Amino acid sequence: MRVLAPVLTGACLATTVLAQTLCVPCERNSKACALAAGHAHPVKRMAFWQSRFALPVEERTGVAPPELVQFLALDVINQGIPAEPRAATAHAGVLAEVRAVLAELPQSVKRRLSERLAGIYLAEDFGGTGFTDTIADDSGRKVAAFVVLDPNVLEKRTANEWGTWKESSPFTPDPRYALREKLEDAAHDNRRQAIQYILLHELGHVLSVGGHFHPDWNFTPSQVPPGESDPFFDLSWTLDRAKNEYVSKYAETLPEAKQVRYYFGARLAPTDMARTYEHLEHTPFPTLYATTHPGDDFAEAFANYVHVVMLGKPFEITIVEDGKIVKRYGPCWDEPRCAEKRKILEEFLR
């Protein structure tokens, strides 16, 4: 198997995988072209994935097929991301760990996934750690989803290193301040457990498809059908059709949420760390990342609930100032603030 990185030639992004060349007929700056081609792409249709659903959940994994790489190339053009997606063929260890993580999931989670997960596939340089998108049946109803992971990102950090890096990213760096996240005890703090938590978030997106947890993440707020009710969404969010925005019901309780940006472009000062998490404790959001979008609210709640409650693993954020601990933040699942979200998750995962 030989993979050539995508090469932009005129109006054609060519990706050669297994001697098959797929061409993306969109210029790098043509977002409208990429958006239209992405919506019509075969990987967005159930017919492309149907055979995968005959496999056990843990066997629905592999290197990204050429069609999926082509779709990712369209997506980075549409999103304006300077990336060049390609299939990841030299990461057998990561692929084995992904399969092991799937095999070890609670049976109630695997049962739900069997209906909705088309598979988890490895690709490089698509602009993130994980990527999930929906799949529609012949009637256009969204019924399933696929997940893409970048092994180059996954290989770099243990669970606690990854969590610390992610949760620190909304705050500008300062040597006087530190934020540390604990997702595993020392004996299990490894790459596989990092993959597990990252994958749980993406699987939360998969399980939200057709679940009435929040509006379709491909919709802008103004596109949400009038009268649609999503009980999980309604606990924390409203939508402003005039401004085309999702609005947190806890915007005054957690004013810092407006400035939360993960991974790139930190907007919060290090002095905001402790205060932000103090405010978060007065909301039903289980993590700070959950405040960024209704879809991520559910995915974070699912990931954190499975991690803490179903798998019995640790979750703690510690904030340090001048070498002294000034704030600890832990799981919310035994607290009244998250009781309604826990009830929804428990009913869903029976």
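The figures here come from the full heavy-atom set of this structure, side chains too, leaving out hydrogens, waters and symmetry mates. What you see is a predicted model, and the numbers here were worked out from it, not measured in a lab.
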Taking the side chain as every heavy atom from C-beta outward, state whether [X] and [Y] have any atom pair closer than 4.5 Å.
X      : Y      : result
Leu311 : Pro106 : yes
Val320 : Arg180 : yes
Asp334 : Val309 : no
Leu199 : Leu102 : yes
Glu67  : Pro42  : no

Salt bridge [X]-[Y], side-chain N to carboxylate O under 4.0 Å:
X      : Y      : value
Arg275 : Glu256 : yes
Glu124 : Arg86  : yes
Arg337 : Glu281 : no
Lys249 : Asp234 : no
Glu58  : Lys110 : yes
Arg99  : Glu59  : no

Relative to the ring of Trp237, is the ring of Tyr246 parallel (under 30°), tilted (30 to 60°) or perpendicular (over 60°)?
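Perpendicular: the ring planes of Tyr246 and Trp237 meet at over 60°.
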
Using 30° and 60° as the class boundaries, would you call the ring planes of Trp162 and Tyr197 parallel, tilted or perpendicular?
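Correct class here is tilted.
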
Counting only heavy atoms not in [X], do more than 12 sit closer than 6.0 Å to its [atom1] atom?
X      : atom1 : answer
Lys258 : NZ    : no
Asp138 : CG    : no
Glu347 : CD    : yes

Could you state the interatomic distance from [atom1] ([X]) to [atom2] ([Y]), rounded to the nearest 0.5 Å?
X      : Y      : atom1 : atom2 : value
Ile317 : Lys182 : CD1   : NZ    : 13.5 Å
Met310 : Ser108 : CE    : OG    : 3.5 Å
Asn304 : Thr287 : CG    : OG1   : 6.5 Å
Leu122 : Thr61  : CG    : OG1   : 8.0 Å
Leu113 : Ile120 : CG    : CD1   : 8.0 Å

Tyr289/Tyr262 aromatic ring centres below 6.0 Å:
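Close enough - the centres of the two rings lie under 6.0 Å apart.
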
Test of understanding: with salt bridge (charged side-chain N to carboxylate O under 4.0 Å, His left out), list the residues that count as partners of Arg116, not counting sequence neighbours.
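Arg116 satisfies salt bridge (charged side-chain N to carboxylate O under 4.0 Å, His left out) with no other residue.
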
Under the 3.5 angstrom rule, does the side chain of Asp75 hit a backbone N or O of Asn78 as a donor-acceptor pair?
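Between the backbone of Asn78 and the side chain of Asp75 there is no qualifying donor-acceptor contact (under 3.5 Å).
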
Has the side chain of Thr164 got a donor or acceptor atom that lies under 3.5 Å from a matching backbone atom of Glu161?
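Absent.
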
Taking all atoms of both residues into account, what is the closest heavy-atom pair of Ala37 and Cys26, and its distance?
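Closest heavy-atom pair between Ala37 and Cys26: CB-SG, 4.4 Å.
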
The test is side chain to side chain contact (heavy atoms under 4.5 Å, CB included); show your working for Tyr263 and Lys166 and say whether it passes.
CA-CA 7 Å; Tyr263 305 118; Lys166 175 189 173 186; 3.7 Å; yes

Per-pair distances, 0.1 Å, donor-acceptor, side chain in residues 208-216, under 3.5 Å, sequence neighbours excluded:
{"from": "Ser208", "atom 1": "OG", "to": "His205", "atom 2": "O", "distance (Å)": "2.7"}
{"from": "Ser208", "atom 1": "OG", "to": "His214", "atom 2": "NE2", "distance (Å)": "3.3"}
{"from": "Asp216", "atom 1": "OD1", "to": "Lys142", "atom 2": "NZ", "distance (Å)": "3.4"}
{"from": "Asp216", "atom 1": "OD1", "to": "Asn218", "atom 2": "N", "distance (Å)": "2.7"}
{"from": "Asp216", "atom 1": "OD2", "to": "Lys142", "atom 2": "NZ", "distance (Å)": "2.5"}

